[in-house]
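Here is the structure we will look at, set down as structure tokens.
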Number of protein chains: 2
Amino acid sequence: MEIACFIEAADRHCQQQGVKLTALRRQVLELVLGYPGVVKAYQVLADLQKQRGIAAPPTVYRALDFLVAAGLLHKVDALNGYIVCHHVGCNHEGLILVCGDCGRVEELDATPVLDVLRQQAGGAGFAISQQNLMLTGRCKECAV
Amino acid sequence: MEIACFIEAADRHCQQQGVKLTALRRQVLELVLGYPGVVKAYQVLADLQKQRGIAAPPTVYRALDFLVAAGLLHKVDALNGYIVCHHVGCNHEGLILVCGDCGRVEELDATPVLDVLRQQAGGAGFAISQQNLMLTGRCKECAV
DNA sequence: TTCTCAAATGTTACTTTATAACAAGCAACT
DNA sequence: AGTTGCTTGTTATAAAGTAACATTTGAGAA
């Protein structure tokens, strides 16, 4: 099963970082993995409530914040949602495409374009940090 | 006064587009212009309430949405805020640089790089919508 | 002028998203 | 056991955004 495999990798990743992938965090990660694309915090919260009876917003937000900080998830600001990072081990920067309709996500390599952006930003006196580029649009299936 | 000048340009811009920069919209634009960087909708709402006694959220959101659609403002998703577009008339998408230290904002033209990104995304079956690129980093003054 | 229509704004109520603040639990070490 | 620090639970509330319908206004037609 692919989820189990990812969780295992995530666990190793966290151990390397010296942080703990606790039961709760793992559970939240599994829930996010269960979706094909973008998930919202309150969706995860609802799922969590189904599984363990009760849960409050801070429970979910803390877990999600942790997972983002650990590099296991990305936050999609434009949609107030979260997606799984599919390049946990490799530390290249991602170009994340999100379909605003169905929430499907695609990750490409953003390295070349970020080189250009770094140069452009540098000209304006800005030093761009390591990060992902997130773009929203329509995927092939949702195209009008 | 720089604000008055910008408003005038904005007015011309709207006339060219065949849309109306009404008194309310102008007032909201002026309020946003009064801030050096990112402004939040509810800050604008509070200012508006000071100036005209009462105002409800939809009043502000509608004006902000209009101003974004007209290209006079950009929405900064990651901060739930808005900034003035300093390239009115160039009809471009913004490359918005935010200093993680001091919060200073710089806007460049993202059109060329988005052309590249559109092509790359198109190869993956994604049609990228009109949007801004937001990147975080360090500005010259905050550089270590 | 007066009517009419569409766009803009007002108003009420609500939904969604997110966080503060403090209490309780738990595991790891002394 | 005691203490320490991180994690989670709990309550309450703040912040952000929208739906739905009423009212106003202004430009063009009758």
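The structure displayed is predicted, hence computed values, not measured ones. Below, read A as the first sequence line, B as the second, and so on, with proteins coming before strands; counting in each chain starts at 1.
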**Message:** I'd like to know if the side chain of B:K75 and the backbone of B:D65 have a donor-acceptor N/O pair within less than 3.5 Å.
**Reply:** no
**Request:** Ignoring hydrogens and angles, tell me if any N or O in the side chain of A:S129 forms a donor-acceptor pair with the backbone of B:R138 under 3.5 Å.
**Result:** no
Interatomic distance, [X] [atom1] vs [N] [atom2] [rounded to whole Å]:
X     : N      : atom1 : atom2 : answer
A:R25 : D:dC6  : CZ    : P     : 11 Å
B:Q27 : C:dG10 : CD    : C1'   : 14 Å
A:L48 : D:dT8  : CG    : P     : 11 Å
B:D77 : C:dA18 : CG    : P     : 12 Å
A:L64 : D:dT7  : CG    : P     : 15 Å
B:R52 : D:dT24 : CZ    : C1'   : 13 Å
A:Q49 : D:dT10 : CD    : P     : 12 Å
A:L24 : C:dC26 : CG    : P     : 14 Å

**Prompt:** Do the non-hydrogen side-chain atoms of B:D47 and B:Q51 ever get within less than 4.5 Å of each other?
**Reply:** no
**Asked** Counting any heavy atom closer than 4.0 Å, what does A:T22 reach on the DNA or RNA strands: base, sugar-phosphate only, or nothing?
**Response** sugar-phosphate
**Message:** Does D:dT8 have its OP1 or OP2 closer than 4.0 Å to a side-chain nitrogen or oxygen of A:T59?
**Reply:** no
**Message:** Quick check: on DNA chain C, is the nucleotide nearest B:A56 upstream (toward 5') of the one nearest A:K20, or the reverse? Name the residue that is more 5'.
**Reply:** B:A56
**Prompt:** Can you get from A:V76 to B:F126 by hopping between Ile, Leu, Val, Met, Phe, Trp and Tyr side chains that sit under 4.5 Å apart?
**Reply:** no
**Same apolar cluster (I L V M F W Y, side chains within < 4.5 Å links), A:V98/A:L133** = no
**Prompt:** If each of A:F66 and A:A55 is mapped to the nucleotide of DNA chain D with the nearest heavy atom, which maps nearer the 5' terminus, i.e. the 5' end?
**Reply:** A:F66
**Passing option when A:V32 is tested against A:V38, A:I83, A:V39 for side-chain contact (heavy atoms from CB on, under 4.5 Å)** = A:V39
**Asked** Going by an N to O cut-off under 4.0 Å, is there a salt bridge joining A:E8 and A:R12?
**Response** yes
**Fill in**
Readout for nucleotides 14-20 of chain D: B = base within 4.0 Å of protein heavy atom, S = sugar-phosphate only, - = neither; 5' to 3' it is --BBBBB
